[in-house]
Amino acid sequence: MEFIIRSKALYTTWVYYKPDRLLFDVGEGISAALGNKIYSIEKIFISHSHVDHIAGLWGFINTRNNAMGSREKGLTIYYPKGSKNIEEYLNFIQRMNKYLRFKLEFITVEHGDIIPLKNNRYLKIFKTRHTPGEKSVGFQILENRKRLKSEYQNLSGNEIKELISKMGKENILEKYTKKLVTISGDSLPVSPDIIEDSDILVHECTFIREKDRKLRNHTSLDEIKKLLTQIKPKKVILYHISSRYTRLIKKTKEELSSEFKDIEFHIVHPEEISII
Ligand SMILES: [Zn+2]
Ligand SMILES: [Zn+2]
């Protein structure tokens, strides 16, 4: 299990990424759904100020402060720089919780910012296109790795051992960066340049039927399909689906799987918690 996701456009959205115990957005219902897992979360990343993405934060902080669980771990909340609504909300939460038993920090982020994680991983912020005048960002988790330099990649195990004893391990390896996960937040399609080489793409797809979209604030399924002709993630998770499509989820997933055979698809059902 890598993800626990609850997402219903307009109502609530949160994405829990288990390998790094990160939370992306914090819509309502989060604390009750995650239960004790909320104590393991030390970083929350907020994509933008819309209520369906932040309404659960007050409850999250309050539960973490009062329920039985580890209180040593601090909590840092990252949110888009210049987002006045989020700032007001964070100030309100702080006023309502005067006696916090853990360290609570707020940090603003903008396009290009890098936040170190554990285990050679880091998170990169990219800007997204959502509502005019509203600061919005997406997130990417990357990992610094090492591999054999290309000139040694065809050698046998014994030859490599010999080379290591002759040259030292560090001299036959090169560093590279692996994109693990890209998460769109609410947005029009994220640029293929950003997603490229990402193993997992978690992208919003509010509109399964293009004709239902009145404003250009959210992504449609046709746009996702176009994107997937340009980039090839191993796994695609579509979320932030409008609840009007409850009956189309299964069929849409089947159609996508037969159209893009190399990709594993998941569509987050608007009425369910998805464990992926
Ligand atoms: Zn939303
Ligand atoms: Zn939004």
Side-chain angles (χ1 to χ4, degrees), residues 3-17 22-34 44-60 77-90 108-111 125-140 181-191 194-195 201-210 212-224 227 236-246 248-249 252 266-274 276:
F3 294 93
I4 305 177
I5 305 178
R6 172 88 170 95
S7 184
K8 173 174 171 174
L10 255 181
Y11 290 81
T12 183
T13 285
W14 50 265
V15 175
Y16 174 62
Y17 181 60
L22 304 174
L23 188 63
F24 298 95
D25 286 331
V26 55
E28 68 172 76
I30 170 88
S31 308
L34 282 187
I44 298 180
F45 294 89
I46 296 176
S47 64
H48 65 300
S49 76
H50 288 162
V51 176
D52 51 325
H53 297 254
I54 62 170
L57 187 61
W58 185 17
F60 184 101
I77 294 159
Y78 300 85
Y79 66 97
K81 192 177 182 179
S83 189
K84 290 272 171 297
N85 290 347
I86 295 181
E87 241 143 52
E88 281 194 30
Y89 181 49
L90 294 177
T108 58
V109 293
E110 58 190 330
H111 184 82
I125 305 288
F126 59 88
K127 64 168 184 268
T128 56
R129 299 171 294 152
H130 185 31
T131 312
E134 172 73 45
K135 305 279 181 197
S136 59
V137 295
F139 312 100
Q140 196 154 53
V181 185
T182 304
I183 300 176
S184 72
D186 281 10
S187 177
L188 287 168
V190 174
S191 148
I194 290 173
I195 304 168
L201 172 63
V202 184
H203 204 296
E204 79 122 289
C205 181
T206 308
F207 296 100
I208 288 183
R209 281 188 304 245
E210 179 72 49
D212 296 335
R213 182 167 66 167
K214 301 288 178 281
L215 301 168
R216 280 191 53 79
N217 297 342
H218 290 286
T219 301
S220 70
L221 185 65
D222 285 352
E223 287 172 325
I224 294 287
L227 199 57
V236 172
I237 300 170
L238 300 179
Y239 76 134
H240 205 270
I241 310 281
S242 164
S243 55
R244 78 190 81 181
Y245 304 122
T246 306
L248 292 181
I249 303 297
T252 306
H266 298 270
I267 302 181
V268 175
H269 193 291
E271 307 298 345
E272 292 167 13
I273 291 173
S274 290
I276 296 164

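Here the structure is a predicted model, which is why all the values come from computation and not from measurement. Start at 1 with the first residue, then count along the sequence. When a ligand or atom number is given, it counts from 1 through the structure's own listing order.
Distances from the Zn ion (ligand 1) to the N/O/S atoms of Asp52 are shortest for OD2. The nearest N/O/S atom of His50 to the Zn ion (ligand 2) is ND1. Closest to the Zn ion (ligand 1) among the N, O or S atoms of Asp186 is OD2.
Between the Zn ion (ligand 2) and His130 there is an N/O/S contact shorter than 2.8 Å. Not one N/O/S atom of His218, from backbone or side chain, sits under 2.8 Å from the Zn ion (ligand 1). Residue His53: an N/O/S atom is found under 2.8 Å from the Zn ion (ligand 1).
A salt bridge links Glu223 with Arg216; the closest basic N to acidic carboxylate O contact falls under 4.0 Å.
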Practice task
Kindly indicate, with the supporting measurements, whether the criterion side chain to side chain contact (heavy atoms under 4.5 Å, CB included) is fulfilled by Val190 and His203.
Solution key: CA-CA 8 Å; Val190 174; His203 204 296; 3.6 Å; yes
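Every residue two or more places apart in sequence or in another chain was checked for a ring-ring contact (aromatic ring centres under 6.0 Å, His included) with Tyr79, and none qualifies.
Exactly one residue among His240, His48, His53 makes a ring-ring contact (aromatic ring centres under 6.0 Å, His included) with His130. That residue is His48.
Atom NZ of Lys8 is surrounded by more than 12 heavy atoms from other residues, nucleotides or ligands within 6.0 Å.
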